[in-house]
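Throughout, a chain's letter reflects where its sequence line sits, starting with A, and its residues are numbered from 1.
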Amino acid sequence: MGEIELSCRAYVKMHLHACLFPRCSVNGLLLSSGAPGGAVCVTDCVPLLHSHLSLAPITQLALTQVDVWCSQTQQRIVGYYQANACASDSSPTPCALKIADKISEQCSNAVLLMIDGGKMSPHDRVPPIVMYERKDSKWILKDKHTIMLRQWEETRLIANQMLDSGDHALLVDFDSHLDDITKDWTNQKVNNKILELASPANGNV
Amino acid sequence: FKMRDKLRKWREDNCRNSEQIVDVGEELISDHGSKLGDDVWIIYEQVMIAALDCSRDDLAMTCLQELRKQFPDSHRVKRLSGMRLEALERYDEATKYYEAILQDDPTNTAARKRKISILKAQGKPAEAIRELNEYLEQFVGDQEAWHELSELYINEHDYGKAAFCLEELMMTNPHNHLYCEQYAEVKYTQGGLDNLELSRKYFAQALRLNNRNMRALFGLYMSASHIAASPKVGAKVKKDNIKYAAWAANQINRAYKLAGRGTKENKCSVKAVEEMLESMQITMS
């Protein structure tokens, strides 16, 4: 189908989410601030849950709230990501497929992204992710050549830096927000940190 | 000794903050080991388990060796050896270790639980569930096990059985708001009018036990809204549920307004919630 680009910010936050809860399955939504049609650029993500991924109420609540936030900020939900607790199995679970189906009702070229926990390491040559797209009511593997990650090296460096400095603890997912509603699931703090680290003044490419 | 007290508190609260435990524990052991007295053994155990969690096999081995020297025939220490093998993903060896313990002492619950954890780690949920059920037939009062079983069932989308486990937990822990709230979530997920009404009741119960449980508050709002919007309910039920939903919406708004004061941070979430509540109101009436 179409091309898809994953931004540094989206990837880093997903990665940090998975690392923040290494013993849990985690999931989240992929967002785009671009116009529909043509190549999709995933510009941001919202980490959702790290417990009871398959229970309905909180997932529904989160989808609704993120939807509202997106319409307030000219973004759209274009996909879903998940990292399984059992790192040896990165195949989409029934609940992943269900949520992805729901998203594709509103967004025809939605993607389902599974983080391959077994392949995650500080020295990945390629991002440890597997992407699926919807064709004829089924989710099939997306052609690797249609997936772009500009500046993978830089993205990887930023993710590693934030893990090393413990900044991943700043990340708030929807679950944590419900435990303490003063925490911000749009993660402005983390976004700023990523920008800081990515700026040319920091010596990165 | 501040470090000692920290470790003790984490032990008592059963925290899994392994990186912190490793940091504090490693320093404590290497710099002040001799001054710890008998406490040192339980600290070795605590630090060893945390070290395994952080892939610090070096530190884990150090602790394990000290414990083996001091308690050569202890089942408790053997279980730690088994856990180390698990951490190294040598599951078959670990299982053999635990089976040896159980041959010696068939009532050793720790070893049985480790065996079940291995099945989970190997991605064999059906077997883990079966073994855990067998375990619970013998050890009916084990809360931790009932909760673990409910989690396994939830992951397998077997909501009926998950509900059963949570019912057991609610019976023996009637003041625990988390069990009520989880039960309500399971019922909501099962769907259908009867389950929705049950879920609403249990979200409400969770709130009675803890009026700051946001999940329960949102859950009450959503379940009551769905019931009110259902074509199958009579006028009175509809009216009652609209009232419950309105009350919940009010509470949610208040909570977010309170949270929003003073911090710019969660401006986005406050606005999102306000709009969401507004939009849902419209679909309900």
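Under the 3.5 Å distance criterion, with hydrogens and angles disregarded, a donor-acceptor pair is assigned to the side chains of A/Gln82 and A/Thr93. B/Gln205 and B/His177 form no side-chain donor-acceptor contact under 3.5 Å, judged by distance and modelled atom types alone. At a cut-off of 3.5 Å, with distance as the only test, a side-chain donor of A/Asp175 or A/Ser51 sits close to an acceptor on the other residue. A side-chain N or O of A/Ser33 and one of A/Thr43 form a donor-acceptor pair less than 3.5 Å apart. A donor atom on one side chain and an acceptor atom on the other are not found under 3.5 Å apart for A/Glu133 and A/Asn109. Side-chain atoms of B/Gln251 and B/Asn253 include no donor-acceptor pair closer than 3.5 Å.
For A/Asp173 and A/Lys13, the salt-bridge test fails: no basic side-chain N is under 4.0 Å from an acidic carboxylate O. Classification of B/Glu127 and B/Arg130 as a salt-bridged pair fails, no side-chain N sitting under 4.0 Å from a carboxylate O.
Note on A/Asn187, A/Asp89, A/Leu53, A/Asp179: by heavy-atom pairs under 4.5 Å with chain B, the leading option is A/Asp179. Per-residue counts of heavy-atom pairs under 4.5 Å with chain B were compared for A/Ile58, A/Thr59, A/Asn84, A/Asp67; the largest is that of A/Ile58.
In this structure, chain A has heavy atoms under 4.5 Å from both the backbone and the side chain of B/Arg16. Looking at A/Cys70, neither its backbone nor its side chain comes within 4.5 Å of chain B, counting heavy atoms on both sides.
Checked against salt bridge (Lys or Arg N to Asp or Glu O under 4.0 Å), B/Arg56 has the following partners two or more places apart in sequence or in another chain: B/Glu26, B/Asp58. With sequence neighbours excluded, the residues forming a salt bridge (Lys or Arg N to Asp or Glu O under 4.0 Å) with B/Glu93 are B/Arg90, listed by chain and number.
Separation of the A/Trp152 and A/Tyr11 ring centroids falls under the 6.0 Å cut-off.
Among the residues in residues 156-166 of chain B, those with a non-hydrogen atom closer than 4.5 angstrom to a non-hydrogen atom of chain A are B/His157, B/Tyr159. Of residues 183-201 of chain B, those residues with a non-hydrogen atom less than 4.5 Å from any non-hydrogen atom of chain A are, in numerical order, B/Glu185, B/Val186, B/Tyr188, B/Thr189.
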